Peer 1: 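Dropping a structure here in C-alpha coordinates format, bear with me for questions.
No experiment lies behind these values; they were computed from the predicted model shown. We use all heavy atoms of the structure for the numbers below, so side chains are in, but hydrogens, waters and symmetry mates are not.
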2 protein chains.
Amino acid sequence: MERPEVAGGGAPAPGRGREATRERILTSAKELFTSEGFGSVSSRMIASHAGVNVALINRYFGSKAGLLTEILREDGVFPRLITEGPPELLTRRLAEHIVSRLYGEGTLLQRALDHSAGDPDLQSVYQGRLKTAFIEPLAVYLDRENSRVHASLIAAVMLGMGRVRRIEGGDALRAHDREQLTERVLALLELCLADFGAPDPDDP
Amino acid sequence: MERPEVAGGGAPAPGRGREATRERILTSAKELFTSEGFGSVSSRMIASHAGVNVALINRYFGSKAGLLTEILREDGVFPRLITEGPPELLTRRLAEHIVSRLYGEGTLLQRALDHSAGDPDLQSVYQGRLKTAFIEPLAVYLDRENSRVHASLIAAVMLGMGRVRRIEGGDALRAHDREQLTERVLALLELCLADFGAPDPDDP
DNA sequence: GGTATATGTAAACGGTGTTGACCTGTCAAA
DNA sequence: TTTGACAGGTCAACACCGTTTACATATACC
(Lines give C-alpha, C1' and ligand atoms only; values in the text may rest on other atoms or scores of the structure.)
Protein backbone atom coordinates (compact mmCIF):
# COMPACT_ATOMS: atom_id res chain seq x y z
CA MET A 1 0.00 0.00 0.00
CA GLU A 2 2.98 2.32 0.50
CA ARG A 3 3.58 4.72 -2.30
CA PRO A 4 7.14 4.17 -3.44
CA GLU A 5 9.52 7.12 -3.60
CA VAL A 6 9.93 6.88 -7.34
CA ALA A 7 6.62 5.64 -8.58
CA GLY A 8 5.67 2.55 -10.49
CA GLY A 9 5.91 3.27 -14.22
CA GLY A 10 8.55 2.33 -16.73
CA ALA A 11 11.73 4.15 -17.61
CA PRO A 12 10.97 7.23 -19.71
CA ALA A 13 11.61 5.57 -23.11
CA PRO A 14 13.20 7.67 -25.88
CA GLY A 15 11.38 11.00 -25.95
CA ARG A 16 8.53 10.15 -23.58
CA GLY A 17 8.02 10.27 -19.87
CA ARG A 18 5.97 12.64 -17.80
CA GLU A 19 8.29 15.63 -17.81
CA ALA A 20 9.31 15.30 -21.43
CA THR A 21 5.70 15.12 -22.54
CA ARG A 22 4.62 18.01 -20.38
CA GLU A 23 7.43 20.08 -21.79
CA ARG A 24 6.60 19.20 -25.36
CA ILE A 25 2.99 20.21 -24.87
CA LEU A 26 4.03 23.48 -23.25
CA THR A 27 6.48 24.28 -26.02
CA SER A 28 4.06 23.50 -28.80
CA ALA A 29 1.23 25.37 -27.18
CA LYS A 30 3.37 28.45 -26.64
CA GLU A 31 4.52 28.33 -30.23
CA LEU A 32 1.02 27.90 -31.63
CA PHE A 33 -0.62 30.44 -29.34
CA THR A 34 2.08 32.87 -30.40
CA SER A 35 1.63 32.39 -34.11
CA GLU A 36 -2.10 31.71 -34.30
CA GLY A 37 -3.68 33.08 -31.14
CA PHE A 38 -5.34 31.26 -28.30
CA GLY A 39 -8.81 30.99 -29.72
CA SER A 40 -7.71 29.73 -33.10
CA VAL A 41 -5.64 26.89 -31.75
CA SER A 42 -7.53 23.75 -30.82
CA SER A 43 -6.46 21.09 -28.36
CA ARG A 44 -6.06 18.67 -31.23
CA MET A 45 -3.75 21.03 -33.08
CA ILE A 46 -1.53 21.36 -30.03
CA ALA A 47 -1.45 17.63 -29.47
CA SER A 48 -0.68 16.90 -33.08
CA HIS A 49 2.06 19.54 -33.20
CA ALA A 50 3.60 18.09 -30.05
CA GLY A 51 3.30 14.55 -31.37
CA VAL A 52 1.22 13.62 -28.38
CA ASN A 53 -2.26 12.34 -27.70
CA VAL A 54 -5.01 14.92 -27.18
CA ALA A 55 -6.10 13.46 -23.90
CA LEU A 56 -2.72 14.17 -22.36
CA ILE A 57 -3.36 17.89 -22.42
CA ASN A 58 -6.25 17.42 -20.05
CA ARG A 59 -4.36 14.84 -18.06
CA TYR A 60 -1.42 17.14 -17.39
CA PHE A 61 -3.03 20.58 -17.38
CA GLY A 62 -6.64 19.90 -16.58
CA SER A 63 -7.91 21.91 -19.50
CA LYS A 64 -6.84 24.11 -22.37
CA ALA A 65 -7.23 27.11 -20.08
CA GLY A 66 -5.05 25.40 -17.50
CA LEU A 67 -2.38 25.00 -20.12
CA LEU A 68 -2.48 28.72 -20.81
CA THR A 69 -2.32 29.43 -17.10
CA GLU A 70 0.87 27.45 -16.86
CA ILE A 71 2.38 29.24 -19.84
CA LEU A 72 1.57 32.63 -18.36
CA ARG A 73 2.92 31.58 -15.00
CA GLU A 74 6.27 30.83 -16.57
CA ASP A 75 6.22 34.05 -18.59
CA GLY A 76 6.57 36.49 -15.73
CA VAL A 77 6.52 39.70 -17.76
CA PHE A 78 4.16 41.44 -15.35
CA PRO A 79 6.21 41.19 -12.19
CA ARG A 80 9.32 42.12 -14.14
CA LEU A 81 7.68 45.32 -15.36
CA ILE A 82 7.25 46.48 -11.81
CA THR A 83 10.58 45.60 -10.31
CA GLU A 84 13.08 45.62 -13.15
CA GLY A 85 14.39 49.11 -12.42
CA PRO A 86 14.54 51.93 -9.91
CA PRO A 87 11.25 52.83 -8.21
CA GLU A 88 11.41 56.48 -9.21
CA LEU A 89 11.29 55.40 -12.86
CA LEU A 90 8.32 53.07 -12.45
CA THR A 91 5.87 55.25 -14.31
CA ARG A 92 8.30 55.93 -17.12
CA ARG A 93 8.98 52.24 -17.43
CA LEU A 94 5.29 51.53 -17.69
CA ALA A 95 4.66 54.38 -20.11
CA GLU A 96 7.40 53.22 -22.41
CA HIS A 97 6.13 49.69 -22.21
CA ILE A 98 2.64 50.80 -23.18
CA VAL A 99 3.78 52.87 -26.11
CA SER A 100 6.16 50.21 -27.32
CA ARG A 101 3.25 47.81 -27.46
CA LEU A 102 1.49 50.26 -29.76
CA TYR A 103 4.35 49.78 -32.13
CA GLY A 104 4.08 46.03 -32.11
CA GLU A 105 7.05 45.59 -29.85
CA GLY A 106 7.10 43.32 -26.84
CA THR A 107 6.94 39.58 -26.36
CA LEU A 108 5.56 37.55 -29.20
CA LEU A 109 3.34 35.75 -26.76
CA GLN A 110 1.98 38.99 -25.34
CA ARG A 111 1.22 40.24 -28.81
CA ALA A 112 -0.50 37.03 -29.70
CA LEU A 113 -2.69 37.13 -26.63
CA ASP A 114 -3.54 40.75 -27.27
CA HIS A 115 -4.41 39.95 -30.82
CA SER A 116 -6.62 37.00 -30.19
CA ALA A 117 -8.13 38.28 -26.96
CA GLY A 118 -11.41 36.48 -26.76
CA ASP A 119 -12.79 33.25 -25.37
CA PRO A 120 -14.22 33.32 -21.89
CA ASP A 121 -11.35 30.99 -21.05
CA LEU A 122 -8.61 33.33 -22.12
CA GLN A 123 -10.37 36.25 -20.49
CA SER A 124 -10.64 34.60 -17.13
CA VAL A 125 -7.15 33.16 -17.19
CA TYR A 126 -5.53 36.34 -18.43
CA GLN A 127 -7.45 38.53 -16.06
CA GLY A 128 -6.69 36.31 -13.13
CA ARG A 129 -3.04 36.50 -14.01
CA LEU A 130 -3.25 40.27 -14.36
CA LYS A 131 -4.73 40.61 -10.93
CA THR A 132 -2.33 38.37 -9.07
CA ALA A 133 0.77 39.19 -11.07
CA PHE A 134 0.34 42.89 -11.72
CA ILE A 135 -2.29 44.78 -9.78
CA GLU A 136 -1.68 43.14 -6.43
CA PRO A 137 2.13 43.17 -6.59
CA LEU A 138 1.98 46.76 -7.76
CA ALA A 139 -0.17 47.71 -4.80
CA VAL A 140 2.33 46.05 -2.49
CA TYR A 141 5.20 47.73 -4.30
CA LEU A 142 3.63 51.18 -3.94
CA ASP A 143 3.23 50.62 -0.22
CA ARG A 144 1.29 53.68 0.81
CA GLU A 145 -2.19 54.85 1.56
CA ASN A 146 -4.83 53.83 -0.99
CA SER A 147 -2.25 51.85 -2.91
CA ARG A 148 -4.92 49.46 -4.16
CA VAL A 149 -6.81 52.34 -5.71
CA HIS A 150 -3.68 53.77 -7.30
CA ALA A 151 -2.69 50.37 -8.62
CA SER A 152 -6.13 49.86 -10.09
CA LEU A 153 -6.02 53.21 -11.83
CA ILE A 154 -2.60 52.46 -13.27
CA ALA A 155 -3.87 49.12 -14.49
CA ALA A 156 -6.88 50.81 -16.03
CA VAL A 157 -4.75 53.14 -18.12
CA MET A 158 -2.49 50.33 -19.23
CA LEU A 159 -5.30 47.98 -20.09
CA GLY A 160 -7.27 50.69 -21.80
CA MET A 161 -4.37 51.58 -24.06
CA GLY A 162 -4.10 47.92 -24.91
CA ARG A 163 -7.72 47.67 -25.80
CA VAL A 164 -7.75 50.78 -27.91
CA ARG A 165 -4.78 49.47 -29.79
CA ARG A 166 -6.72 46.32 -30.47
CA ILE A 167 -9.87 48.13 -31.50
CA GLU A 168 -8.47 50.54 -33.98
CA GLY A 169 -5.08 49.04 -34.62
CA GLY A 170 -3.44 51.91 -32.78
CA ASP A 171 -3.24 53.76 -36.07
CA ALA A 172 -4.48 57.03 -34.70
CA LEU A 173 -2.09 56.91 -31.76
CA ARG A 174 0.86 55.73 -33.78
CA ALA A 175 0.29 58.54 -36.22
CA HIS A 176 1.16 60.98 -33.48
CA ASP A 177 4.65 61.84 -32.35
CA ARG A 178 5.93 58.94 -30.28
CA GLU A 179 7.78 60.98 -27.74
CA GLN A 180 4.87 63.32 -27.13
CA LEU A 181 2.61 60.33 -26.74
CA THR A 182 4.93 58.71 -24.25
CA GLU A 183 5.04 61.91 -22.23
CA ARG A 184 1.26 62.09 -22.21
CA VAL A 185 0.90 58.52 -21.05
CA LEU A 186 3.51 59.18 -18.41
CA ALA A 187 1.50 62.15 -17.22
CA LEU A 188 -1.62 60.02 -17.06
CA LEU A 189 0.13 57.38 -14.99
CA GLU A 190 1.50 59.97 -12.63
CA LEU A 191 -1.92 61.47 -12.23
CA CYS A 192 -3.11 57.99 -11.28
CA LEU A 193 -0.55 58.02 -8.49
CA ALA A 194 -1.20 61.55 -7.28
CA ASP A 195 -2.17 61.77 -3.65
CA PHE A 196 -5.88 61.96 -2.96
CA GLY A 197 -5.20 64.25 -0.07
CA ALA A 198 -3.77 66.95 -2.31
CA PRO A 199 -6.57 69.40 -3.05
CA ASP A 200 -7.35 70.80 -6.45
CA PRO A 201 -4.86 73.65 -6.98
CA ASP A 202 -7.81 75.93 -7.81
CA ASP A 203 -9.44 75.22 -4.48
CA PRO A 204 -8.58 77.16 -1.34
CA MET B 1 -39.44 36.41 -62.91
CA GLU B 2 -40.26 39.87 -61.52
CA ARG B 3 -39.97 40.29 -57.80
CA PRO B 4 -43.36 41.46 -56.58
CA GLU B 5 -43.59 44.62 -54.48
CA VAL B 6 -44.97 42.84 -51.44
CA ALA B 7 -43.49 39.41 -51.65
CA GLY B 8 -45.13 36.04 -51.93
CA GLY B 9 -45.53 34.48 -48.49
CA GLY B 10 -48.66 33.86 -46.52
CA ALA B 11 -50.44 36.13 -44.09
CA PRO B 12 -48.55 36.32 -40.81
CA ALA B 13 -50.66 33.73 -38.95
CA PRO B 14 -51.26 34.21 -35.20
CA GLY B 15 -47.90 35.10 -33.65
CA ARG B 16 -45.70 34.39 -36.66
CA GLY B 17 -44.59 36.27 -39.69
CA ARG B 18 -41.26 37.81 -40.50
CA GLU B 19 -41.39 40.87 -38.29
CA ALA B 20 -43.03 39.14 -35.35
CA THR B 21 -40.44 36.36 -35.41
CA ARG B 22 -37.52 38.75 -35.79
CA GLU B 23 -38.82 40.73 -32.87
CA ARG B 24 -39.28 37.68 -30.69
CA ILE B 25 -35.74 36.57 -31.38
CA LEU B 26 -34.39 40.03 -30.61
CA THR B 27 -36.36 40.27 -27.39
CA SER B 28 -35.36 36.83 -26.18
CA ALA B 29 -31.73 37.33 -27.08
CA LYS B 30 -31.58 40.66 -25.30
CA GLU B 31 -33.18 39.15 -22.23
CA LEU B 32 -30.90 36.14 -22.16
CA PHE B 33 -27.73 38.04 -22.97
CA THR B 34 -28.62 40.39 -20.15
CA SER B 35 -29.17 37.73 -17.54
CA GLU B 36 -26.66 35.10 -18.65
CA GLY B 37 -24.05 36.84 -20.77
CA PHE B 38 -23.32 36.50 -24.44
CA GLY B 39 -20.96 33.57 -24.25
CA SER B 40 -23.15 31.50 -22.00
CA VAL B 41 -26.22 31.74 -24.17
CA SER B 42 -26.38 29.36 -27.10
CA SER B 43 -28.35 29.80 -30.29
CA ARG B 44 -30.56 26.93 -29.26
CA MET B 45 -31.34 28.56 -25.92
CA ILE B 46 -32.39 31.76 -27.67
CA ALA B 47 -34.52 29.89 -30.16
CA SER B 48 -36.18 27.80 -27.51
CA HIS B 49 -36.85 30.83 -25.32
CA ALA B 50 -38.38 32.64 -28.28
CA GLY B 51 -40.40 29.60 -29.28
CA VAL B 52 -38.76 29.60 -32.66
CA ASN B 53 -36.63 27.28 -34.74
CA VAL B 54 -32.86 27.61 -34.35
CA ALA B 55 -32.26 28.04 -38.04
CA LEU B 56 -34.30 31.22 -38.07
CA ILE B 57 -31.63 33.04 -36.10
CA ASN B 58 -29.21 32.50 -38.90
CA ARG B 59 -31.87 33.17 -41.49
CA TYR B 60 -32.73 36.56 -40.09
CA PHE B 61 -29.46 37.71 -38.55
CA GLY B 62 -26.84 35.72 -40.40
CA SER B 63 -25.15 34.54 -37.24
CA LYS B 64 -25.24 34.80 -33.49
CA ALA B 65 -22.77 37.68 -33.76
CA GLY B 66 -25.04 39.37 -36.28
CA LEU B 67 -27.85 39.13 -33.79
CA LEU B 68 -25.72 40.90 -31.21
CA THR B 69 -24.77 43.54 -33.75
CA GLU B 70 -28.43 44.30 -34.31
CA ILE B 71 -29.11 44.52 -30.59
CA LEU B 72 -26.22 46.92 -30.10
CA ARG B 73 -27.30 48.99 -33.07
CA GLU B 74 -30.67 49.53 -31.45
CA ASP B 75 -29.09 50.30 -28.08
CA GLY B 76 -27.41 53.58 -28.94
CA VAL B 77 -25.90 54.30 -25.53
CA PHE B 78 -22.55 55.33 -26.97
CA PRO B 79 -23.67 58.16 -29.20
CA ARG B 80 -25.99 59.38 -26.46
CA LEU B 81 -23.08 59.62 -24.04
CA ILE B 82 -21.34 62.07 -26.28
CA THR B 83 -24.17 64.32 -27.29
CA GLU B 84 -26.73 64.14 -24.50
CA GLY B 85 -25.60 67.32 -22.80
CA PRO B 86 -23.60 70.53 -23.15
CA PRO B 87 -20.12 70.12 -24.67
CA GLU B 88 -18.34 71.77 -21.76
CA LEU B 89 -19.64 68.98 -19.50
CA LEU B 90 -18.54 66.16 -21.80
CA THR B 91 -15.72 64.97 -19.58
CA ARG B 92 -17.84 65.14 -16.45
CA ARG B 93 -20.57 63.17 -18.19
CA LEU B 94 -18.09 60.51 -19.18
CA ALA B 95 -16.47 60.43 -15.74
CA GLU B 96 -19.78 59.99 -14.01
CA HIS B 97 -20.77 57.30 -16.45
CA ILE B 98 -17.55 55.41 -15.78
CA VAL B 99 -17.87 55.60 -12.03
CA SER B 100 -21.55 54.71 -12.10
CA ARG B 101 -20.64 51.55 -13.97
CA LEU B 102 -18.29 50.68 -11.13
CA TYR B 103 -21.32 50.64 -8.91
CA GLY B 104 -23.24 48.29 -11.12
CA GLU B 105 -25.42 51.04 -12.48
CA GLY B 106 -26.17 51.50 -16.14
CA THR B 107 -28.07 49.44 -18.68
CA LEU B 108 -28.66 45.83 -17.83
CA LEU B 109 -27.46 44.92 -21.29
CA GLN B 110 -24.26 46.88 -20.88
CA ARG B 111 -23.59 45.17 -17.59
CA ALA B 112 -24.19 41.80 -19.13
CA LEU B 113 -21.80 42.47 -21.97
CA ASP B 114 -19.21 43.75 -19.54
CA HIS B 115 -19.67 40.71 -17.39
CA SER B 116 -19.43 38.09 -20.06
CA ALA B 117 -16.85 39.85 -22.20
CA GLY B 118 -15.27 37.06 -24.11
CA ASP B 119 -15.76 35.15 -27.32
CA PRO B 120 -13.95 36.35 -30.38
CA ASP B 121 -17.42 37.06 -31.72
CA LEU B 122 -18.43 39.40 -28.94
CA GLN B 123 -15.03 41.05 -28.99
CA SER B 124 -15.14 41.86 -32.65
CA VAL B 125 -18.75 42.96 -32.65
CA TYR B 126 -18.46 45.02 -29.50
CA GLN B 127 -15.19 46.57 -30.51
CA GLY B 128 -16.48 47.38 -33.95
CA ARG B 129 -19.43 49.08 -32.37
CA LEU B 130 -17.15 50.95 -29.99
CA LYS B 131 -15.09 52.28 -32.83
CA THR B 132 -17.89 53.40 -35.09
CA ALA B 133 -20.29 54.52 -32.37
CA PHE B 134 -17.93 56.07 -29.84
CA ILE B 135 -14.36 56.77 -30.87
CA GLU B 136 -15.10 58.08 -34.33
CA PRO B 137 -18.12 60.20 -33.39
CA LEU B 138 -16.16 61.53 -30.44
CA ALA B 139 -13.31 62.54 -32.69
CA VAL B 140 -15.76 64.34 -34.95
CA TYR B 141 -17.44 65.92 -31.96
CA LEU B 142 -14.15 67.24 -30.59
CA ASP B 143 -13.39 68.81 -33.95
CA ARG B 144 -9.88 70.07 -33.42
CA GLU B 145 -6.27 69.21 -34.04
CA ASN B 146 -5.30 65.64 -33.18
CA SER B 147 -8.88 64.86 -32.26
CA ARG B 148 -8.40 61.20 -33.19
CA VAL B 149 -5.57 60.94 -30.70
CA HIS B 150 -7.55 62.65 -27.98
CA ALA B 151 -10.57 60.47 -28.68
CA SER B 152 -8.41 57.35 -28.51
CA LEU B 153 -6.95 58.38 -25.19
CA ILE B 154 -10.40 59.08 -23.78
CA ALA B 155 -11.55 55.70 -24.98
CA ALA B 156 -8.51 54.09 -23.41
CA VAL B 157 -9.31 55.46 -19.97
CA MET B 158 -12.94 54.47 -20.25
CA LEU B 159 -12.24 50.99 -21.50
CA GLY B 160 -9.48 50.47 -19.00
CA MET B 161 -11.72 51.35 -16.09
CA GLY B 162 -14.23 48.88 -17.44
CA ARG B 163 -11.68 46.14 -17.63
CA VAL B 164 -10.31 46.76 -14.18
CA ARG B 165 -13.81 46.62 -12.81
CA ARG B 166 -14.24 43.27 -14.51
CA ILE B 167 -10.92 41.94 -13.29
CA GLU B 168 -11.15 42.73 -9.64
CA GLY B 169 -14.82 43.42 -9.30
CA GLY B 170 -14.07 47.08 -8.76
CA ASP B 171 -13.88 46.40 -5.05
CA ALA B 172 -10.73 48.40 -4.52
CA LEU B 173 -12.08 51.36 -6.44
CA ARG B 174 -15.52 51.19 -4.90
CA ALA B 175 -13.97 51.14 -1.46
CA HIS B 176 -12.69 54.64 -2.06
CA ASP B 177 -14.72 57.79 -1.74
CA ARG B 178 -16.96 57.99 -4.78
CA GLU B 179 -16.74 61.71 -5.27
CA GLN B 180 -12.95 61.76 -5.01
CA LEU B 181 -12.80 58.94 -7.49
CA THR B 182 -15.05 60.75 -9.93
CA GLU B 183 -12.88 63.84 -9.68
CA ARG B 184 -9.78 61.78 -10.36
CA VAL B 185 -11.31 60.15 -13.41
CA LEU B 186 -12.44 63.56 -14.57
CA ALA B 187 -8.89 64.83 -14.23
CA LEU B 188 -7.61 61.88 -16.23
CA LEU B 189 -10.10 62.52 -19.02
CA GLU B 190 -9.20 66.20 -19.13
CA LEU B 191 -5.55 65.33 -19.30
CA CYS B 192 -6.40 63.16 -22.28
CA LEU B 193 -7.85 66.23 -23.94
CA ALA B 194 -5.06 68.63 -23.00
CA ASP B 195 -3.42 70.29 -25.96
CA PHE B 196 -0.24 68.69 -27.15
CA GLY B 197 1.12 72.12 -27.97
CA ALA B 198 1.02 73.18 -24.34
CA PRO B 199 4.47 72.65 -22.90
CA ASP B 200 5.18 71.08 -19.55
CA PRO B 201 4.66 73.83 -16.96
CA ASP B 202 8.10 73.01 -15.53
CA ASP B 203 9.71 73.58 -18.91
CA PRO B 204 10.80 77.01 -20.11
C1' DG C 1 -56.37 25.79 -60.05
C1' DG C 2 -51.55 26.15 -60.50
C1' DT C 3 -47.38 28.02 -59.07
C1' DA C 4 -43.94 31.00 -57.25
C1' DT C 5 -42.42 32.43 -52.89
C1' DA C 6 -41.85 33.67 -47.97
C1' DT C 7 -41.83 31.29 -43.76
C1' DG C 8 -40.92 27.52 -40.74
C1' DT C 9 -39.02 22.72 -39.68
C1' DA C 10 -35.98 18.81 -39.03
C1' DA C 11 -31.81 16.73 -39.35
C1' DA C 12 -27.48 16.77 -40.26
C1' DC C 13 -22.37 18.72 -40.67
C1' DG C 14 -17.96 19.72 -38.97
C1' DG C 15 -15.99 21.49 -35.17
C1' DT C 16 -14.92 22.20 -30.16
C1' DG C 17 -13.15 20.77 -25.24
C1' DT C 18 -13.35 16.93 -22.43
C1' DT C 19 -13.79 12.08 -20.45
C1' DG C 20 -13.72 7.18 -19.49
C1' DA C 21 -12.37 2.55 -20.74
C1' DC C 22 -8.68 0.30 -22.30
C1' DC C 23 -3.89 -1.09 -23.41
C1' DT C 24 1.37 -1.35 -22.28
C1' DG C 25 5.55 -1.54 -20.43
C1' DT C 26 8.35 -1.37 -16.28
C1' DC C 27 9.45 -1.74 -11.40
C1' DA C 28 8.72 -3.81 -6.59
C1' DA C 29 7.37 -7.39 -3.96
C1' DA C 30 6.43 -12.43 -3.42
C1' DT D 1 10.58 -15.99 -11.92
C1' DT D 2 6.15 -14.88 -11.41
C1' DT D 3 2.90 -11.59 -10.07
C1' DG D 4 0.60 -7.38 -9.30
C1' DA D 5 0.41 -2.43 -9.15
C1' DC D 6 0.57 1.54 -11.63
C1' DA D 7 2.29 5.62 -14.42
C1' DG D 8 2.04 6.74 -19.06
C1' DG D 9 -0.23 6.56 -23.38
C1' DT D 10 -4.11 5.51 -26.77
C1' DC D 11 -8.67 5.45 -28.69
C1' DA D 12 -13.31 6.23 -29.27
C1' DA D 13 -16.84 8.33 -27.63
C1' DC D 14 -19.64 12.28 -25.33
C1' DA D 15 -22.18 16.51 -25.25
C1' DC D 16 -22.29 20.70 -26.99
C1' DC D 17 -21.54 24.48 -30.24
C1' DG D 18 -22.81 27.59 -34.55
C1' DT D 19 -24.29 26.83 -38.95
C1' DT D 20 -26.32 24.79 -43.34
C1' DT D 21 -29.04 22.13 -46.26
C1' DA D 22 -33.01 19.76 -47.91
C1' DC D 23 -37.64 19.64 -47.10
C1' DA D 24 -42.64 20.88 -45.64
C1' DT D 25 -46.32 24.36 -45.50
C1' DA D 26 -49.25 27.83 -46.52
C1' DT D 27 -50.53 31.90 -48.71
C1' DA D 28 -51.15 35.43 -52.74
C1' DC D 29 -50.94 36.28 -57.39
C1' DC D 30 -51.69 34.83 -62.45
Side-chain angles (χ1 to χ4, degrees), chain A residues 1-25 29 32-33 36-48 50-69 116 118-125, chain B residues 1-25 29 32-33 36-48 50-69 116 118-125:
Chain A
M1 295 308 174
E2 286 220 317
R3 202 165 156 285
E5 185 72 89
V6 172
R16 339 259 287 204
R18 181 182 183 84
E19 276 319 303
T21 303
R22 258 185 68 99
E23 213 52 47
R24 293 213 300 193
I25 293 174
L32 289 173
F33 287 164
E36 310 283 340
F38 180 76
S40 311
V41 177
S42 72
S43 305
R44 285 169 179 83
M45 286 170 67
I46 298 170
S48 144
V52 143
N53 192 281
V54 205
L56 295 182
I57 292 177
N58 294 80
R59 176 193 287 284
Y60 287 127
F61 301 97
S63 65
K64 191 187 163 192
L67 175 53
L68 178 64
T69 305
S116 81
D119 301 58
D121 293 341
L122 188 149
Q123 285 281 331
S124 80
V125 170
Chain B
M1 295 305 173
E2 287 220 312
R3 206 166 153 283
E5 186 72 87
V6 171
R16 339 258 288 207
R18 180 182 182 86
E19 275 319 304
T21 302
R22 259 186 67 101
E23 212 53 46
R24 293 214 300 196
I25 294 174
L32 289 174
F33 286 164
E36 310 282 342
F38 180 77
S40 311
V41 176
S42 72
S43 304
R44 285 168 178 84
M45 286 171 67
I46 299 170
S48 143
V52 142
N53 191 281
V54 207
L56 295 182
I57 292 177
N58 291 298
R59 175 191 287 286
Y60 288 127
F61 301 97
S63 66
K64 192 187 164 194
L67 175 54
L68 178 65
T69 305
S116 79
D119 302 58
D121 293 341
L122 188 150
Q123 286 280 333
S124 79
V125 170

Peer 1: Taking NZ from B:K64 and C1' from D:dT19, how many angstroms apart are they, rounded to a whole number?
Peer 2: 12 Å

Peer 1: Counting only side-chain N and O atoms of A:N58, is one of them less than 4.0 Å from OP1 or OP2 of C:dT18?
Peer 2: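 Yes, such a contact exists.
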
Peer 1: Side chain of A:L56 only, please: which of D:dT19, D:dG9, C:dG17 is the nearest?
Peer 2: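 Per side-chain heavy atoms of A:L56, the pick is D:dG9.
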
Peer 1: What do the steps show when you test A:R59 against A:L56 for side chain to side chain contact (heavy atoms under 4.5 Å, CB included), and what is the final call?
Peer 2: CA-CA 5 Å; A:R59 176 193 287 284; A:L56 295 182; 3.7 Å; yes

Peer 1: Just checking B:R18: base, sugar-phosphate only, or nothing, at a heavy-atom cut-off of under 4.0 Å?
Peer 2: sugar-phosphate

Peer 1: Do any side-chain nitrogens or oxygens of A:T21 fall under 4.0 Å of OP1 or OP2 in D:dG8?
Peer 2: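 Checking D:dG8 against A:T21, no side-chain N or O comes under 4.0 Å of OP1 or OP2.
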
Peer 1: Answer yes or no: is there a side-chain heavy-atom contact under 4.5 Å between A:I46 and A:F33?
Peer 2: yes

Peer 1: What's the spacing between A:R22 CZ and A:F61 CZ if we round to 0.5 Å?
Peer 2: 4.0 Å

Peer 1: On DNA chain D, nearest-nucleotide positions of A:V54 versus B:S43: which is more 5'?
Peer 2: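 Its nucleotide being nearer the 5' end, the pick is A:V54.
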
Peer 1: Identify, between B:E19 and B:R44, the residue whose nearest nucleotide on DNA chain C lies closer to the 5' end.
Peer 2: B:E19

Peer 1: Let's see if you can work this out: which of C:dT16, D:dG18, D:dG9 has an atom nearest to the side-chain heavy atoms of B:S42?
Peer 2: D:dG18

Peer 1: Contact class for A:Y60 vs. all strands (heavy atom < 4.0 Å): base, sugar-phosphate, or nothing?
Peer 2: sugar-phosphate

Peer 1: Rounded to whole angstroms, how far apart are CZ on A:R22 and C1' on D:dA7?
Peer 2: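 Computing the A:R22:CZ to D:dA7:C1' distance gives 15 Å.
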
Peer 1: What distance separates B:N53 CG from B:R44 CZ, expressed to the nearest 0.5 Å?
Peer 2: 10.0 Å

Peer 1: Rounded to whole Å, how long is the line connecting atom CD1 of A:I57 with atom C1' of D:dG8?
Peer 2: 16 Å

Peer 1: Quick one: A:M45 CE to C:dG17 C1', roughly how many Å, whole number?
Peer 2: 14 Å

Peer 1: Please tell me which of the listed nucleotides, C:dG17, D:dG8, C:dG8, lies nearest to the side chain of A:R59?
Peer 2: D:dG8

Peer 1: Would you mind reading off the distance between A:N53 atom CG and D:dA13 atom P, rounded to a whole angstrom?
Peer 2: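 That distance rounds to 15 Å.
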
Peer 1: Whole-Å distance between C:dG8 C1' and B:R24 CZ?
Peer 2: 12 Å

Peer 1: Can you check the B:L67 CG to D:dC17 P distance for me, whole Å?
Peer 2: 15 Å

Peer 1: Say you draw a straight line from OG of A:S43 to CG of A:N58; how long is it, rounded to the nearest 0.5 Å?
Peer 2: 6.0 Å

Peer 1: Side chain of A:A55 only, heavy atoms from C-beta on: which candidate in D:dG8, C:dT7, C:dT19 is closest?
Peer 2: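 So the side chain of A:A55 is nearest to C:dT19.
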
